[in-house]
Amino acid sequence: MNVAQTKRTEGQQLWKIAPEQLDPSIVQKLPLEFLKKQCAIPIVLEGGRTAIALADLLNVEAYDAIVSILGQPCPRVRCPAPEIESAISQCYYHASEQEKQSGADERAATSEANAAATTSVQTHAEDLLNIASKAPAIKLVNKILFEAVHSRASDIHIEPYETEVTVRFRVDGVLHNVLGLPKHQASSLLSRLKIMANLNIAEHRLPQDGQSRVRIGDELVDIRVSVIPTAGGERVVLRLLDKGRGQLGLQDIGFGPQTLSTFRDLIGVSHGIILLTGPTGSGKTTTLYAALNELNSEERNILTVEDPVEYQLPGIGQMQIKSKINLTFANCLRHILRQDPDVIMIGEIRDRETAEIAIQASLTGHLVLSTLHTNDAPSAVTRLTEMGIEPYLISSSVIGVMAQRLLRVICPECKRPHQPRDLNAVEAELRKLQSGALELYHGAGCEACLNTGYTGRTAIFELLVMDDEIKDLVIQRRGAHIIKQAALAKGMTTLREDGLRRVLAGVTTLEEVYRVTQDSVKSNAGVSERADC
């Protein structure tokens with residue numbers, strides 16, 4: 001296949017590299033750092049001819065060095081720098097895939113002395129593709145991180161037991177076993193992770209928290225590291241934070257048109273509290289960041305209090321609480337209010353003191369965004385009441401509550417029509433949303449989705465707007481179920497209903513909706529769907 005011409009710039013041709021023109025066996029004759037620094041890569045043209053793609057055709061030194069190593073004259077083509085960087089990463093990723101089996105043998109021979117040789121603290125983002133000439137313990141950690149990133153894992157669990165160490169990845173909210181290691185490798189593996197996170201490698205009795213950063217090609221990933229002592233040894237959980245997720249907009253996280261419009265109206269007001277509810281891992285922080293990105297402008301002073309700061313947002317002041325020095329949510333809020341903010345984001349309202357300060361801030365002209373841990377939107381009112389907040393303060397300050405969950409999305413590569421054997425339990429609900437033929441889908445499982453049938457996640461929402469009738473119910477101390485009935489009468493969409501709409505749209509499955517919304521009555525449809533999968 002010929003190199004495809006895409007455009008012309010300043011009289012020179014810019015070329016696009018096709019995947020078929022990358023030969024990892026040729027590329028790996030050259031050092032990774034050299035190729036990245038010089039922004040150059042050899043490619044294969046039609047007929048098997050080798051050419052050298054350069055971001056700068058005048059980079060004669062790089063061209064001569066590559067020709068000397070390859071041992072043959074080669075034509076030059078000019079390519080955009082990002083495309084060359086992507087091609088380099090793709091070639092070295094292919095190499096890492098081929099090394100999986102041999103890497104297992106290397107891991108079996110790893111000793112504790114390997115970690116002692118790496119005593120320097122990592123202060124910059126290391127490219128995991130550059131694993132040549134590394135100690136076995138370092139190569140093992142790099143391979144684990146590398147596979148986690150390319151598997152789209154959000155967390156890595158390293159769990160020591162009596163005779164082995166289990167490595168699990170959380171992909172799309174579900175844990176998967178990926179690797180088993182002999183117990184004698186635990187010490188060197190743990191020491192390497194502690195060194196990367198700047199932790200005390202001699203401390204084995206107390207929990208420790210740290211952070212690190214790695215790079216795979218042009219992809220930068222922050223890592224939060226948590227270490228706790230257990231009966232089998234020290235257990236490690238690494239949270240992988242893709243820097244790109246902090247830049248998502250509201251239109252990117254799964255809002256329906258009506259819910260998106262209503263939520264944008266809510267965050268557009270000048271004062272009041274907007275609460276997001278849901279369990280840990282339901283995407284609340286991502287939604288808050290998306291809202292802040294939309295509000296962020298030179299006319300607004302936006303400050304946040306978080307534990308921890310997951311993504312750094314340009315133009316927004318972010319504070320991280322530090323309980324050891326009594327820098328709590330409440331204490332941070334007191335000082336933030338002296339910074340003349342327009343919008344305040346509180347990572348979580350955990351106690352009465354924080355709730356009271358947030359309410360006072362909203363009543364004095366600030367827009368406050370925060371989260372609570374409740375199962376649905378109406379329960380947030382009850383939760384604040386249980387904290388000791390007076391109902392009249394809640395009705396005066398809270399303008400909206402939104403519950404959310406994350407649903408796994410059917411893999412597009414193996415998406416197939418699917419009809420559960422028994423739809424009787426949910427057919428009535430589905431008919432309320434769609435009167436025509438019910439066309440349902442599922443993922444059959446393939447290599448792209450790790451045979452799970454799902455790739456990626458989207459959010460479902462339940463948005464409660466605090467209008468006059470709802471506020472009256474709050475002042476009367478009515479229960480969450482009464483508030484929910486009133487909201488439903490006004491057209492509020494529940495989490496279950498929003499999930500079923502995604503099922504009818506072919507985005508997800510009935511089984512996934514039941515799993516995420518934890519429906520109290522398990523229908524036979526969900527069971528039969530699992531059997532068919």
Side-chain angles (χ1 to χ4, degrees), residues 89 92-93 96 107 114-115 118-131 134-135 137-160 165-176 178-179 181 185-201 203 206-229 233-248 280-281 283 285-286 289 306-313 318 320-322 347 457:
S89 298
Y92 275 85
Y93 173 60
S96 296
R107 291 192 292 271
N114 297 125
T118 58
T119 57
S120 61
V121 175
Q122 180 176 328
T123 58
H124 64 281
E126 179 181 6
D127 194 331
L128 299 187
L129 296 175
N130 189 18
I131 60 174
K134 297 292 186 182
I138 300 176
K139 295 180 71 172
L140 173 58
V141 171
N142 284 3
K143 284 178 179 294
I144 290 174
L145 293 173
F146 179 82
E147 291 301 322
V149 171
H150 279 273
S151 299
R152 300 174 291 101
S154 60
D155 302 86
I156 303 172
H157 292 240
I158 300 175
E159 305 164 355
V165 177
T166 300
V167 180
R168 297 196 289 173
F169 293 168
R170 186 179 294 278
V171 181
D172 295 333
V174 179
L175 282 169
H176 301 272
V178 296
L179 186 63
L181 300 171
Q185 287 190 269
S187 179
S188 58
L189 179 62
L190 178 64
S191 295
R192 173 57 182 167
L193 290 171
K194 285 185 174 181
I195 289 170
M196 290 178 62
N198 197 19
L199 300 178
N200 184 358
I201 63 173
E203 178 59 70
L206 298 174
Q208 296 188 71
D209 294 306
Q211 59 186 12
S212 183
R213 176 176 291 181
V214 297
R215 181 186 296 275
I216 294 185
D218 55 355
E219 186 174 2
L220 192 64
V221 179
D222 282 343
I223 304 175
R224 287 210 316 263
V225 181
S226 173
V227 182
I228 63 171
E234 290 182 276
R235 182 182 182 126
V236 185
V237 173
L238 297 89
R239 181 77 181 272
L240 308 182
L241 302 173
D242 184 352
K243 304 294 286 184
R245 290 183 58 194
Q247 301 301 319
L248 292 177
T280 300
T285 300
T286 300
Y289 281 174
E306 305 174 57
D307 181 29
V309 175
E310 293 196 359
Y311 305 103
Q312 294 186 5
L313 306 178
Q318 297 172 266
Q320 179 165 323
I321 72 167
K322 299 177 182 178
R457 290 190 289 179

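Values below: all heavy atoms of this structure, side chains included; hydrogens, waters and symmetry mates excluded.
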**Request:** Mind checking the CG-CD1 spacing from L189 to I158? Nearest 0.5 Å is all I need.
**Result:** 4.5 Å

**Message:** Restricting to side chain to side chain donor-acceptor pair (under 3.5 Å), what partner residues turn up for R170, sequence neighbours left out?
**Reply:** none

**Item:** L240 versus A148, closest heavy-atom pair with distance
**Value:** CD1-CB, 3.7 Å

**Verdict with supporting geometry, F169 and L179, side chain to side chain contact (heavy atoms under 4.5 Å, CB included)** = CA-CA 9 Å; F169 293 168; L179 186 63; over 6 Å; no

**Asked** Hey, mind stepping through V178 and E147 against side chain to side chain contact (heavy atoms under 4.5 Å, CB included) and telling me if it holds?
**Response** CA-CA 9 Å; V178 296; E147 291 301 322; over 6 Å; no

**Prompt:** Does the pair L206 and N200 meet the rule for a side chain to side chain contact (heavy atoms under 4.5 Å, CB included), with working shown?
**Reply:** CA-CA 10 Å; L206 298 174; N200 184 358; over 6 Å; no

**Prompt:** Can any side-chain N or O of E310 pair as donor or acceptor with the backbone N or O of L241 at less than 3.5 Å?
**Reply:** no

**Prompt:** Measuring from T166:OG1 to L175:CG, what's the distance to the nearest 0.5 Å?
**Reply:** 11.5 Å

**Prompt:** Under 3.5 Å, side chain of E234 to main-chain N/O of V227, donor-acceptor pair present?
**Reply:** no

**Atom of D222, atom of R213 and distance for their closest heavy-atom approach** = OD1-NE, 2.6 Å

**Prompt:** What is the minimum heavy-atom distance between V237 and H157, and which atoms define it?
**Reply:** CG2-ND1, 3.7 Å

**Fill in**
Between the CD1 atom in I201 and the CG atom in L193, the distance rounded to the nearest 0.5 Å is 12.0 Å

**Residue pair A186 / V165: nearest heavy atoms and the distance that separates them** = CB-CG2, 3.6 Å

**Prompt:** So does Q318 have more than 12 non-hydrogen atoms from other groups sitting under 6.0 Å from CD?
**Reply:** yes

**Message:** Among residues at least two apart in sequence or on other chains, which ones pass side chain to side chain donor-acceptor pair (under 3.5 Å) with R224?
**Reply:** none

**Verdict with supporting geometry, L238 and L145, side chain to side chain contact (heavy atoms under 4.5 Å, CB included)** = CA-CA 9 Å; L238 297 89; L145 293 173; 4.1 Å; yes

**Prompt:** For the atom pair OG (S212) and NZ (K194), what is the distance rounded to the nearest 0.5 Å?
**Reply:** 15.0 Å

**Asked** Quick one: CD1 on I138 to CD1 on I195, what's the gap to the nearest 0.5 Å?
**Response** 8.0 Å

**Asked** What distance do E203 atom CD and Q208 atom CD have between them, rounded to the nearest 0.5 Å?
**Response** 6.0 Å

**Request:** For E306, check salt bridge (charged side-chain N to carboxylate O under 4.0 Å, His left out) against everything at least two apart and list the hits.
**Result:** none

**Prompt:** How far apart are the closest heavy atoms of V225 and V236, and which atoms are they?
**Reply:** CG1-CG1, 4.0 Å

**Asked** Taking all non-hydrogen atoms of both residues, which atom of R457 and which atom of G281 are closest, and how far apart?
**Response** NH1-O, 4.0 Å

